[in-house]
Amino acid sequence: MEQGTNMKRKIPIKAKLLGIILPVVILIVIVLVSMAYSITKASITGYSKSLLNISVENQGNEIEAWLNENLAAFQAVKQVIETSGPDEAGLQKMLDAYYGYNANYPEGIYIAEENGTLLKAQESAKAESDPTQAVWYKEGITRVNMGFTSAYSNSAGEAVISASGVLNDGSDVLKVISADMSLQRISIIVNSFIGMDGAEAFLVNKADNTILAHRDSNLISADLAETGDAFLKDISDIIASDALDTVEIDKNLAAFAEIGGTDWILVSYIPTGAIYEEVNRVRIFMIVVGIISVLLLALLIERVVHMVIRPVRELTRVITAMTDGDFTVQVKTKSYDEIGVMSRSVERFITTMRGMIASIYEVSNKLHEQAHNSNDVSGQMYDASKTQSLSMKELNETVEQLSLSVNEIAENATTLAMVVADTKDDSMKVNDKMQQTVDVSRKGKADMQNVSGAMESMNASVTKLQAAIDKVGKASDEITNITGVIGNIAEETNLLSLNASIEAARAGEAGRGFAVVATQIGQLAQTSSESVRNIETLISEINNLVRDAVAQAGDSVDNINASSRLVGGALETFDTIFENIDAVSSLVNQMIDKVGQVDEVASNVAAISQEQAASSEEILATSDAMVEQANNITGNSESVAHGATELTDSATELAHQVEIFRIGEGEH
């Protein structure tokens, strides 16, 4: 069953070689195609960049020459007017002559004066409500020579740029001469100068980021960064950073050229798809060639491997037959390579194995007889050693039980001694705590006695205070009586003063001095009466306060008496606690003495038990050694018996194994 499974899982060498070689060949072809494509792409990209740079430079030069040509024409007209100084009719004739003269500036040339007068060709449709506010006028007055303005929309809504400058015709009036050029016309000129197939171009004013020329007329005069186009937005960023190198952005290869004498930048670009179109065709061709090459190589490799593997397949058949025990097979080979050498070696191996198998069969028969005899002797030895081992085990078990009992007694005695020692230590600690408790109780008793004395002193003080307050009450009553008498005296004095005043009045001048004295006496009596009333009021309040103090003193006396009774009860309780603690302390001291006696006895018992345990362990060790020797004898006997049995089985198995080999017709 296992052999069948291995046959199912067998992978031929041919499949392995093809599985290794073909992926390597395919990988090499892919790498070569990729390298060729990369090199071709890099070459074409470099060539395209060079061609685009040359194209944009030529285009920029053409545009610069075209602009200079038109600017020179404008400058020539300006110089003619300045040198000839024509009158109004002559100037009008010159303006009419330039109307429609050149398609680049179909409206011809016009002049604006500082007072707002616009001079133009009679057929020109140009209209300006206030020429002095126009872009061409404002920029023109800043320069003497003709120069281009920024892009703007004229009164007709057309996107234009103007060439303008100050006209110095000898008059005292400031004049600006100008000519309009349509941006649509400039776009046509810009795109007509493109020198690379598939490329496009547009013109940008770097000063205000305005598109001056573009194939899409809707983008003319628009801000480059606000068109909504990602490519134009990236171009705007590049122009703003002044990094005007040829660059690939948004699947376009873009080159830049500055137009001399202006703030204009020409941008020429070509889609990378147009550049790489030929590269893609080359790549497809190389892929097809690679696939065909891989197929041809696969066929060639398969044939070569088949021719090389065929002798190996024959050799595999012979080795498989030998694995099944068939040494009657023959190896035939005619080659002299490594496989031929291997085949001849296998043939010699078959011859050698035939003789060896025959010898092994004879030896196995003899070995089987000797193993049978050894098995009988080893069986008898094993039975005798087994009986001896059982006897020694029984003796060892008895000694072991005795040792366990003695060890258990020793352990219990040691534990008892340790427990007694711990109990003694704990008793000493309890005694120390009890002494501390006695000392604290004695101090608490003294403190409670001091508290009781203090309560009695406090009670006496409060009693004295109550007596003093009673005396104050009595004194207040006496003061009240005295003030009553003083009040009566004051009233009588007041009546006497009144009568004296009446008598003094009757006496006239003779009694005036007496009247003054009577009046003063009356006032004094009245003041005394008022003072008496005030004193009565104060005495009344003092009496109320005295009554409250008397009541509070009585309550304090009652509370202090109650506290004194509680302190007395606590003092009696402390006396009882102190007596009980003292008794417990005496009992603890007695217990410590008895625990010490028990500790000595337990220590002696533990020492004796440990000596007995040591003796029993020595006896047990001797018994274990005897049992171990008996077990070793039994084990050795068993090993000998087992070895003899295995030897017999091995001899039998060897005979069976030798029988599967075939070394001749009907021979084993």
Side-chain angles (χ1 to χ4, degrees), residues 63 66-75 77-78 81 91-92 94-143 145-167 173-192 202-224 226-227 259 261-265:
I63 294 172
W66 178 78
L67 291 174
N68 291 334
E69 180 183 352
N70 287 281
L71 198 61
F74 299 147
Q75 187 67 26
V77 174
K78 177 176 178 293
I81 295 174
L91 182 59
Q92 185 64 47
M94 291 180 67
L95 296 178
D96 292 340
Y98 276 98
Y99 178 78
Y101 175 76
N102 195 314
N104 294 328
Y105 44 98
E107 292 294 327
I109 297 173
Y110 52 89
I111 301 172
E113 299 179 350
E114 62 181 349
N115 58 7
T117 302
L118 180 65
L119 303 177
K120 62 177 182 174
Q122 293 180 357
E123 297 180 7
S124 174
K126 185 175 183 61
E128 294 283 355
S129 59
D130 186 3
T132 60
Q133 299 300 317
V135 174
W136 57 268
Y137 184 87
K138 291 181 179 180
E139 295 187 14
I141 62 177
T142 62
R143 52 179 172 255
N145 295 321
M146 298 286 283
F148 289 106
T149 66
S150 303
Y152 67 96
S153 296
N154 59 16
S155 58
E158 183 181 6
V160 297
I161 60 172
S162 299
S164 61
V166 174
L167 180 63
V173 180
L174 179 62
K175 298 178 181 179
V176 175
I177 184 171
S178 180
D180 294 342
M181 299 178 67
S182 172
L183 293 182
Q184 293 286 354
R185 178 65 180 172
I186 294 176
S187 297
I188 294 173
I189 298 300
V190 168
N191 287 284
S192 65
F202 59 89
L203 197 62
V204 179
N205 189 351
K206 183 180 179 181
D208 56 5
N209 211 33
T210 303
I211 299 176
L212 301 178
H214 200 282
R215 285 187 182 275
D216 188 356
S217 59
N218 294 325
L219 296 177
I220 296 176
S221 297
D223 190 295
L224 187 63
E226 298 177 357
T227 58
I259 307 301
T262 67
D263 290 331
W264 300 353
I265 294 178

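The structure presented is a predicted model; accordingly, all values stated were derived computationally and were not measured.
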I211/L203 under side-chain contact (heavy atoms from CB on, under 4.5 Å): CA gap, chis, key distance, verdict: CA-CA 6 Å; I211 299 176; L203 197 62; over 6 Å; no
Check: Y105 ring centroid to F74 ring centroid under 6.0 Å: yes
Distance flag, aromatic centroids of Y110 and W136, threshold under 6.0 Å: yes
How long is the span from the [atom1] atom in [X] to the [atom2] atom in [Y], to the nearest 0.5 Å?
X	Y	atom1	atom2	value
L67	I259	CG	CD1	7.0 Å
L95	K120	CG	NZ	11.0 Å
K78	S164	NZ	OG	10.5 Å
L71	N68	CG	CG	6.5 Å
D223	T210	CG	OG1	6.0 Å
N102	E69	CG	CD	8.0 Å

Passing candidate, side-chain contact (heavy atoms from CB on, under 4.5 Å) with Y137, options L118, D130, T149, V176: V176
E139 side-chain N/O to S150 backbone N/O, donor-acceptor pair under 3.5 Å: yes
Donor-acceptor contact present, side-chain N205 to main-chain L212, <3.5 Å: no
E114 CD: over 12 foreign heavy atoms closer than 6.0 Å: yes
Residue of the set S182, S153, S221 for which side chain to side chain donor-acceptor pair (under 3.5 Å) holds with E158: S182
Residue pair V166, K175: steps toward the side-chain contact (heavy atoms from CB on, under 4.5 Å) verdict: CA-CA 6 Å; V166 174; K175 298 178 181 179; over 6 Å; no
Pair Y152-D180, side-chain contact (heavy atoms from CB on, under 4.5 Å): steps then yes or no: CA-CA 10 Å; Y152 67 96; D180 294 342; 3.5 Å; yes
Close side-chain approach of V77 and Y98, heavy atoms under 4.5 Å: yes
Worked check of side-chain contact (heavy atoms from CB on, under 4.5 Å) between M181 and S162: CA-CA 6 Å; M181 299 178 67; S162 299; over 6 Å; no
Minimum-distance pair of heavy atoms, taken over all atoms of S124 and Y99: CA-CE1, 3.6 Å
A151 to I161 - nearest heavy-atom pair and separation: CA-CG2, 3.6 Å
